[in-house]
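Notes follow the structure.
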Amino acid sequence: TVSPAKGIYKCFGCGKAGTSVNFIMDSQQLSYPEALKWLAKKYNIEVVEREISPEEKALQNEKESLYIVMQYAQRYFTHNLHNSDEGKSVGLSYFIERGFRHDIIEKFQLGYSFEERRALSHDAVKNGYKAEYLVKTGLSILSNQHVEGNPITEQDIFDRYTSRVMFPIHDVGGRVIGFGGRILGSDKKLAKYINSPQTDIYDKSKVLYGLWFAKKAIQEKDNCYLVEGYTDVISMHQSGIENVVASSGTSLTVEQIKAIHRFTNNITVLYDGDSAGEKASVRAIDLLLEEGMNVKVLMFPDNDDPDSYSKKVSPEEL
């Protein structure tokens, strides 16, 4: 029950009660300062914080700039996918062939990076984003031609991702902090996936793909499904199962487990049915038990994973 006049709420299920700030803290799993900032941003209220040093202020401003650049990149890749001939014929057709519905493609903000090696870098600089921040987010790579000590210009950089479908990675508050890019060709010399490097806003050992979309369902179901890849998460969402996250780009870490533990004590491991998946499951189980989680494991038939298996059965059967 919520009383707007009194500014309080009471849950008769779990017994929690408090102010609007407490409600945001509980529902979004945020600290008190984070909840205040969340509310302030929602209602365009300026937050006056304690006096901080010029160095701290500069660091805050730079991190905020990195978030803004990543938000731009997500919109850019998504626009490419839906509004360019190359994006529609190569990227969008790939997602459709994989069986993803349009609403799911839009929900996860999937995108496409052009074949042109400097496409993103050129468009970003043209729209006022600094080449320096493109490098610091990992979106662009600094060429060997750049002279150390000189300002970074558009001519000094080229895109990290080319000819790839793009999977934005969000933090627990919904901000884009990284990307995973999957190549569509069959060139064995190129990595199937390229993930964002470690940056000031993206620490892959602490981030779980899909947690932003899953946290509410994890709380409601009091269980979290742990899978391996981006498409596993997306396919399960398409089948109506939303309490699912992936440890993409890294083996499961203690920090990732703690992120899940904020929302539930229960976890079900859904790794691939091959030998590599079994080994990953065993390693994950040991870590999960050490962190006090209640663990279940579901093994798929040989050579199946959550993505491929969901294509063979109905959502109810899954």
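Atom set for the values below is all heavy atoms of this structure, side chains included, hydrogens, waters and symmetry mates excluded.
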Next item on the list: Could you pull out the closest heavy-atom pair between Lys10 and Ala17, with the gap in Å?
Entry: CD-CB, 3.8 Å

Margin query: Please confirm whether the ring centroid of Tyr193 lies under 6.0 Å from the ring centroid of Tyr230.
Written below: yes

Note to self: Applying a strict under-4.5 Å side-chain criterion to I, L, V, M, F, W and Y, I'd like to know whether Phe158 and Tyr76 cluster together.
What the structure shows: no

Next item on the list: To the nearest 0.5 angstrom, please state how far the CG atom of Asp159 sits from the CG atom of Asp123.
Entry: 10.0 Å

Item checked: Whether over 12 other heavy atoms sit under 6.0 Å from Glu115 CD -> no

Checklist line | Aromatic plane relationship, Phe100 with Phe95 - under 30° parallel, 30 to 60° tilted, over 60° perpendicular | finding: tilted

Notebook entry, point to check: Is there a donor-acceptor pair under 3.5 Å between the side chain of Tyr161 and the backbone N or O of Ser196?
Noted result: yes

Notebook entry, point to check: Hey, does Ile218 have a side-chain heavy atom less than 4.5 Å from the side chain of Leu211?
Noted result: yes

Margin query: Apply side chain to side chain contact (heavy atoms under 4.5 Å, CB included) to residues Val207 and Tyr202 and explain how you reach the verdict.
Written below: CA-CA 8 Å; Val207 176; Tyr202 176 61; 4.2 Å; yes

Notebook entry, point to check: Strictly under 6.0 Å, is that where the ring centroids of Phe167 and Phe179 end up?
Noted result: no

Next item on the list: Would you indicate whether the side-chain heavy atoms of Asn150 and Val147 approach each other to under 4.5 Å?
Entry: yes

Note to self: Go through it in stages, so that I can follow the logic: the residues are Lys311 and Ser235, the test is side chain to side chain donor-acceptor pair (under 3.5 Å), and I'd like the CA-CA distance, side-chain angles, deciding distance and then a yes or no.
What the structure shows: CA-CA 8 Å; Lys311 304 294 193 298; Ser235 291; 2.9 Å; yes

Notebook entry, point to check: Do you know the tightest heavy-atom contact between Val245 and Val233?
Noted result: C-CG2, 3.9 Å

Next item on the list: May I ask whether Ile201 and Ile141 are part of the same hydrophobic cluster, defined by side-chain heavy atoms of I, L, V, M, F, W, Y residues being less than 4.5 angstrom apart, directly or through others?
Entry: no

Notebook entry, point to check: Is the side chain of Gln256 donor-acceptor paired with the backbone N or O of Lys204 at a distance under 3.5 Å, no angle test?
Noted result: yes

Next item on the list: Mind listing the closest non-hydrogen atom pair of Thr162 and Glu116 along with its distance?
Entry: CG2-O, 4.1 Å

Checklist line | Check: Asp156/Thr153 side-chain N/O donor and acceptor closer than 3.5 Å | finding: yes

Margin query: Going by salt bridge (Lys or Arg N to Asp or Glu O under 4.0 Å), name the pairs with one or both residues in residues 93-102, residues two or more places apart or in two chains.
Written below: Arg98-Asp307, Arg101-Asp103

Check: Of the options Val297, Ile267, Leu252, which is the one that meets Ile285 in a side-chain contact (heavy atoms from CB on, under 4.5 Å)?
Finding: Val297

Notebook entry, point to check: salt bridge (charged side-chain N to carboxylate O under 4.0 Å, His left out) with Glu132: which residues, sequence neighbours excluded?
Noted result: Lys136

Checklist line | Candidate pair His261 and Glu291, rule side chain to side chain donor-acceptor pair (under 3.5 Å), full reasoning | finding: CA-CA 9 Å; His261 215 160; Glu291 290 301 310; 5.5 Å; no

Item checked: Within-4.5 Å side-chain heavy-atom neighbours: Lys16 and Asn22 -> no

Check: Less than 4.5 Å apart, any side-chain heavy atom of Ser20 and any of Tyr9?
Finding: no

Notebook entry, point to check: Has Lys41 got more than 12 heavy atoms of other residues, nucleotides or ligands less than 6.0 Å from its NZ?
Noted result: no

Check: Should we say atom NZ of Lys258 is surrounded by more than 12 heavy atoms from elsewhere, each under 6.0 Å from it?
Finding: no

Check: Within a radius of less than 6.0 Å around CG of Asn127, do more than 12 heavy atoms belonging to other residues, nucleotides or ligands occur?
Finding: yes

Notebook entry, point to check: Is there a donor-acceptor pair under 3.5 Å between the side chain of Lys215 and the backbone N or O of Val172?
Noted result: yes

Margin query: Between Glu242 and Lys107 (salt bridge meaning N to carboxylate O under 4.0 Å), is one present in this structure?
Written below: yes

Check: For the hydrophobic clusters of this structure (ILVMFWY residues joined by side-chain heavy atoms under 4.5 Å, transitively), does one cluster hold both Ile8 and Leu39?
Finding: no

Next item on the list: Would you check if the distance from the ring center of Tyr112 to the ring center of His82 is below 6.0 Å?
Entry: no

Notebook entry, point to check: For Val176 and Tyr67, which heavy atoms make the closest approach, and how far apart are they?
Noted result: O-CD2, 4.3 Å

Margin query: Is it true that Ser140 and Ser121 share a donor-acceptor pair across their side chains at a distance under 3.5 Å?
Written below: yes

Notebook entry, point to check: Are His170 and Tyr209 near enough that their ring centres are under 6.0 Å apart?
Noted result: no

Note to self: If you apply the rule side chain to side chain contact (heavy atoms under 4.5 Å, CB included), what do you find for Thr78 with Arg75, and how did you get there?
What the structure shows: CA-CA 5 Å; Thr78 299; Arg75 292 196 304 264; 5.8 Å; no

Checklist line | From Arg160 atom CZ to Ser113 atom OG, the distance as rounded to the nearest 0.5 Å | finding: 12.0 Å

Margin query: With a 3.5 Å distance limit and no angle check, can you tell me whether Asp232 reaches the backbone of Gly229 through a side-chain donor-acceptor pair?
Written below: yes

Next item on the list: Begin from the C-alpha positions of Cys224 and Thr268 and carry the test side chain to side chain contact (heavy atoms under 4.5 Å, CB included) through to its verdict.
Entry: CA-CA 6 Å; Cys224 178; Thr268 305; over 6 Å; no

Check: Can you hop from Ile241 to Val313 via hydrophobic side chains spaced under 4.5 Å?
Finding: yes

Check: Could you go step by step and tell me if Glu317 and Ser314 meet the side chain to side chain donor-acceptor pair (under 3.5 Å) rule?
Finding: CA-CA 5 Å; Glu317 288 173 303; Ser314 68; 3.2 Å; yes

Next item on the list: Looking only at non-hydrogen atoms, find the nearest pair between Met236 and Pro306 and report the distance.
Entry: SD-CB, 4.0 Å

Check: Does some side-chain heavy atom of Leu184 sit less than 4.5 Å from a side-chain heavy atom of Arg164?
Finding: no

Notebook entry, point to check: Is there a donor-acceptor pair under 3.5 Å between the side chain of Asn83 and the backbone N or O of Asn80?
Noted result: no

Item checked: Value rounded to 0.5 Å, distance of CD1 in Ile169 from CE in Met70 -> 8.0 Å

Check: What do the steps show when you test Val254 against Leu287 for side chain to side chain contact (heavy atoms under 4.5 Å, CB included), and what is the final call?
Finding: CA-CA 7 Å; Val254 171; Leu287 279 176; 4.0 Å; yes

Note to self: For Tyr129 and Tyr72, I'd like to know if the aromatic rings sit close, meaning centre-to-centre distance below 6.0 Å.
What the structure shows: yes

Notebook entry, point to check: Given Tyr309 and Ser239, is the side chain to side chain donor-acceptor pair (under 3.5 Å) satisfied, shown in steps?
Noted result: CA-CA 11 Å; Tyr309 192 75; Ser239 293; over 6 Å; no

Note to self: Under a 3.5 Å cutoff, is there a donor and acceptor pairing between the side chains of Ser89 and Asp85?
What the structure shows: no

Margin query: For Gly138 versus Thr199, what's the shortest heavy-atom pair and its separation?
Written below: N-CG2, 4.4 Å

Margin query: Count I, L, V, M, F, W, Y as connected when their side-chain heavy atoms are under 4.5 Å apart, and connections chain through other members. Are Ile183 and Ile96 then in the same cluster?
Written below: no

Checklist line | Pairs where residues 170-182 contributes a residue and the test salt bridge (Lys or Arg N to Asp or Glu O under 4.0 Å) is met, not counting sequence neighbours | finding: Asp171-Arg175

Next item on the list: Nearest 0.5 Å please: distance from the CG atom of Asn265 over to the CG atom of Asp222.
Entry: 7.0 Å

Next item on the list: Hey, could you give me the CG/OG1 distance between Leu208 and Thr253, rounded to the nearest 0.5 Å?
Entry: 7.0 Å

Check: Atom CD in Glu228, atom OG in Ser251: separation rounded to 0.5 Å?
Finding: 9.5 Å

